[in-house]
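Read through the structure below, which is laid out as structure tokens, and then see the notes.
The chains referred to below are lettered A, B, ... by the order of the sequence lines, with proteins before strands, and numbering in each begins at 1.
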Protein chains: 2
Amino acid sequence: MIDEIDQNILEALLQDSRVSLKELARRVGLSAPSVAERVRRLEERGVIRGFTIEIDPKALGYQLQAIVRVKPLPGMLHVVQKLIEDTAEFCECDKVTGDDCFVVRLHVRSIDQLDHILDRIADKAQTSTAIVKSQPIKRRPPGIGQRKETPGRVS
Amino acid sequence: MIDEIDQNILEALLQDSRVSLKELARRVGLSAPSVAERVRRLEERGVIRGFTIEIDPKALGYQLQAIVRVKPLPGMLHVVQKLIEDTAEFCECDKVTGDDCFVVRLHVRSIDQLDHILDRIADKAQTSTAIVKSQPIKRRPPGIGQRKETPGRVS
DNA sequence: ATGTTCTGGTCGATCTCGTCGATCATTTTT
DNA sequence: AAAAATGATCGACGAGATCGACCAGAACAT
């Protein structure tokens with residue numbers, strides 16, 4: 001379904017989504033219209049969810065990053081979720097299995113601000129905060145690129 | 001340091017990083033060369049870390065997402081970190097404060113594969129796995145856009 | 001105050017790039 | 001084996017990016 005050329009296209013766009021179609025075509029060894037059509041179809045099929053930029057939070061003054069596990073008190077789930085969604089500093093929120101209900105990522109300017117934000121949900125949920133010290137892997141997509149994939153166990 | 005026009009540029013590029021400079025210029029009310037210069041400087045200053053695409057892991061066959069807390073056994077920290085970095089399915093890794101050392105995000109094709117991957121670090125670290133059920137917030141940058149920011153407490 | 005410099009903008013010309021229609025080759029279907 | 005569908009190329013034309021020249025306003029020094 002996704003051939004090698006598509007993979008090359010995806011990799012190139014991951015590195016620089018503003019690359020010209022002409023250059024992209026040169027890299028994957030096709031003509032510009034062909035590669036344009038392939039990109040269009042990757043979008044259409046939902047493989048490419050969007051073209052975007054990566055912004056450095058630090059450059060915007062957000063010096064601190066935290067990962068917080070959030071366990072809403074009984075009956076508070078939706079209230080907590082809404083509060084999280086409506087607070088700009090929550091930049092990622094995953095609803096997960098297990099004892100904790102949410103795992104969220106927070107970008108803040110200071111410890112003070114972190115404390116202040118968490119105070120606001122303190123009476124609605126139990127939280128467990130971990131400050132991010134470094135990011136050995138910043139963010140990468142699964143399964144494309146030269147890293148070899150790990151096969152599933154043959155069951 | 002970052003004025004309103006820059007914010008508008010960032011927002012527009014977040015939504016579509018392939019927008020033409022002409023269109024971008026029209027939206028923020030400047031000429032094309034001006035906006036080109038602003039984008040160049042946002043890049044130069046490191047505010048824009050890169051132009052990229054968002055890929056849907058599901059479209060590539062990665063049906064499952066998990067968040068795993070990893071606590072390496074004594075002396076195993078670097079081994080564990082290297083193993084994580086070298087495994088394609090680990091798509092995000094944060095080194096954090098607290099009892100757990102790493103918080104990682106995994107994309108896998110099946111529970112089998114998840115089990116297989118975690119088996120490989122089972123003798124080097126304690127892990128605590130949470131399967132992602134949904135993502136109320138998929139990913140957004142902090143502090144730009146119309147969501148109001150939460151101020152830090154005045155101390 | 002006033003002249004200077006620096007920053008950040010516009011305009012217009014030129015060159016590059018994207019897109020569209022026509023066409024062709026290859027593979028799949030019947 | 002003929003036909004249809006897929007996916008590519010080519011060339012032309014319109015749209016976009018870029019570059020140099022030039023201009024306005026703020027900050028600064030004299």
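A:Arg38 has its CZ atom 11 Å from the C1' atom of D:dT6, to the nearest Å. Protein atom CG of B:Leu42 is 14 Å distant from nucleotide atom C1' of C:dG8, rounded to whole Å. Taking atom CE of B:Met1 as the reference point, atom P of C:dT7 lies 13 Å away to the nearest angstrom. Atom pair A:Leu21:CG and C:dT16:P shows a separation of 17 Å (rounding to whole Å applied). Rounded to an integer number of Å, the gap from CG of B:Leu30 to P of C:dT7 is 18 Å. Rounded to whole Å, atom P of D:dA17 lies 9 Å from atom CG of B:Leu24. Per the geometry, NZ belonging to B:Lys22 stands 17 Å off C1' belonging to D:dC19, to the nearest Å.
Put simply, the side chain of A:Gln113 does not reach to within 4.5 Å of the side chain of A:Leu106, judged on heavy atoms.
Considering A:Arg69, A:Lys71, A:Lys95 in turn, A:Arg69 is the only one that fulfils the salt bridge (charged side-chain N to carboxylate O under 4.0 Å, His left out) rule with A:Asp100.
Listed pair B:Arg41 / C:dT7 fails the phosphate criterion, with no side-chain N or O lying under 4.0 Å from OP1 or OP2. Phosphate proximity of C:dG8 to B:Ser34: absent, as no side-chain N or O sits under 4.0 Å from OP1 or OP2. Phosphate proximity of C:dT19 to A:Arg40: absent, as no side-chain N or O sits under 4.0 Å from OP1 or OP2.
With the nearest nucleotide of DNA chain D identified for both B:Glu23 and A:Ala32, A:Ala32 has the one nearer the 5' end. Ranked by how close their nearest DNA chain C nucleotide is to the 5' end, B:Arg18 and B:Pro33 are led by B:Pro33.
In this model, a donor atom of one side chain and an acceptor atom of the other lie less than 3.5 Å apart for A:Gln81 and A:Glu85.
Residues A:Leu64 and A:Val132 do not share a hydrophobic cluster, clusters being chains of Ile/Leu/Val/Met/Phe/Trp/Tyr side chains in contact below 4.5 Å.
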